[in-house]
Number of protein chains: 2
Amino acid sequence: MLDAGEELFAERGFEATRLEDIALRVGIRRASLVYYYPDKRRLYDAVLARVLGDLHARLEEALASEAPLPARIEAAVSAWVEFVGRRPALARILLREAAAAPQRRPALAVHTQAFTALVQRHVLDRPEFRRERLAPIDPVHVASTVVGSTVFLVAAMPALLPGGRHEPLGKAQLAAHEEEMLRVVRRLLGY
Amino acid sequence: MLDAGEELFAERGFEATRLEDIALRVGIRRASLVYYYPDKRRLYDAVLARVLGDLHARLEEALASEAPLPARIEAAVSAWVEFVGRRPALARILLREAAAAPQRRPALAVHTQAFTALVQRHVLDRPEFRRERLAPIDPVHVASTVVGSTVFLVAAMPALLPGGRHEPLGKAQLAAHEEEMLRVVRRLLGY
DNA sequence: GTCTATAGAGAGATAGAC
DNA sequence: GTCTATCTCTCTATAGAC
């Protein structure tokens with residue numbers, strides 16, 4: 001049910017997705033959805049909460065290890081790329097949320113806070129981080145670059161490749177992208 | 001009229017945008033829109049055609065100059081960043097189109113062709129390009145990185161910055177991003 | 001060109017049986 | 001839990017006056 005919603009909301013957007021289609025994919029009728037979620041918006045919220053929760057858990061795992069700081073950051077970037085590569089619906093959902101005017105994304109706002117807190121706790125607040133000689137770059141800019149190029153690649157690129165082969169993106173391309181992201185982060189963080 | 005459509009389609013998406021709102025912004029009534037565009041989809045197509053046409057013209061200007069190849073490529077990247085920075089609605093529209101499942105973006109398909117042809121003609125087909133010692137990287141990947149990180153930054157970042165200041169993105173941040181994109185392109189193209 | 005008025009379709013939400 | 005049936009609303013599209 002959340003699976004069906006995740007896929008359809010991602011591919012069509014909230015407004016264009018019909019509850020009928022979600023129900024059909026699950027194998028029940030539209031009215032039966034109400035038994036689980038009182039309305040469309042709450043179903044969407046549940047989809048968003050689940051996928052972002054999963055991502056959050058994965059990133060926390062990478063960031064909270066015992067390894068030194070640069071290795072932990074790189075592990076988080078790798079985890080991110082791998083996670084999105086395996087779950088392209090997240091890429092599409094983030095693209096759509098990013099496209100919406102800021103005042104039109106109340107659902108996402110709650111979650112972004114959790115991610116900034118995560119980075120704050122495991123990176124920015126750490127004494128090792130303060131000792132790093134950083135390039136004079138806004139960390140939000142770094143995050144935006146990594147997130148933006150990854151989601152765009154995962155969502156848009158398969159269709160642009162010759163041969164008509166779509167999802168999922170090839171392993172080689174994903175690995176190349178991961179390398180590229182690591183390079184960007186290393187340079188921006190100045191180590 | 002195209003201005004109003006561009007902004008609203010960008011911020012809300014095609015489905016969620018009401019013709020009523022577009023008409024209101026123009027200062028006429030909904031039914032009067034029909035005099036110019038027979039239906040909603042054609043208005044959207046016209047919006048897309050205009051903004052992508054403008055971008056195409058700007059990029060062609062940058063790519064068709066007499067300068068040597070690396071300089072022309074860099075000019076195109078700079079033109080791209082500057083163009084999107086001044087027209088954030090394009091960023092949002094591209095984000096939405098990228099998010100849509102491939103088979104659900106007939107409108108964009110026509111235009112992407114024009115851009116790949118542009119690159120083909122002014123870059124890939126040039127003998128100078130063939131002589132370059134390139135990193136073994138897919139040019140589509142390069143384009144995806146530049147486009148994706150820029151549109152995401154322009155659309156999403158203003159809201160993430162402290163102070164509640166939204167659009168447009170500050171000049172300093174845009175300039176920093178442009179530098180970053182140039183660096184990525186230079187490295188990926190191997191010069 | 002722009003309007004008012006209305007038709008018509010589609011979709012979410014609700015009621016209540018089984 | 002899942003269904004059928006229906007209500008209600010919103011929005012696009014159309015007709016036709018000015």
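Chain letters run A, B, ... following the sequence lines, proteins first, then strands; residues in each count from 1.
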On DNA chain D, which is the earliest and which the latest nucleotide, 5' to 3', with an atom closer than 4.0 Å to a heavy atom of chain B?
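First and last nucleotides in contact are D:dC11 to D:dT14.
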Contacts of type ring pair (Phe, Tyr, Trp, His ring centres under 6.0 Å), residue [X], not counting sequence neighbours:
X        : value
B:Tyr44  : B:Phe9, B:Phe14
A:His122 : none
B:Phe115 : B:His56

Could you list all the side-chain hydrogen bond (donor to acceptor under 3.5 Å, both in side chains) pairs where at least one residue sits in residues 135-145 of chain A, not counting sequence neighbours?
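The answer is A:His141-B:His177.
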Any side-chain hydrogen bond (donor to acceptor under 3.5 Å, both in side chains) involving residues 62-72 of chain A? Give me the pairs, sequence neighbours left out, ordered by first then second residue.
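Listed by first then second residue: A:Arg72-A:Glu128.
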Below 3.5 Å is the cut-off: list the nitrogen or oxygen pairs between protein and nucleotides 11-14 of chain C, distance only.
residue: C:dA11; atom: OP1; partner: A:Arg18; partner atom: NE; Å: 2.7
residue: C:dG12; atom: OP1; partner: A:Thr17; partner atom: O; Å: 3.4
residue: C:dG12; atom: OP1; partner: A:Lys40; partner atom: NZ; Å: 3.2
residue: C:dG12; atom: OP2; partner: A:Leu19; partner atom: N; Å: 3.3
residue: C:dA13; atom: OP2; partner: A:Lys40; partner atom: N; Å: 3.3
residue: C:dA13; atom: N6; partner: A:Arg30; partner atom: NH2; Å: 3.2

My understanding is that only residues two or more places apart in sequence, or in another chain, count here; which of them pass salt bridge (Lys or Arg N to Asp or Glu O under 4.0 Å) with B:Glu179?
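Here no residue qualifies.
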Write out all pairs satisfying ring-ring contact (aromatic ring centres under 6.0 Å, His included) with one or both partners inside residues 74-113 of chain A, taking only residues at least two apart or from two chains.
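Found none.
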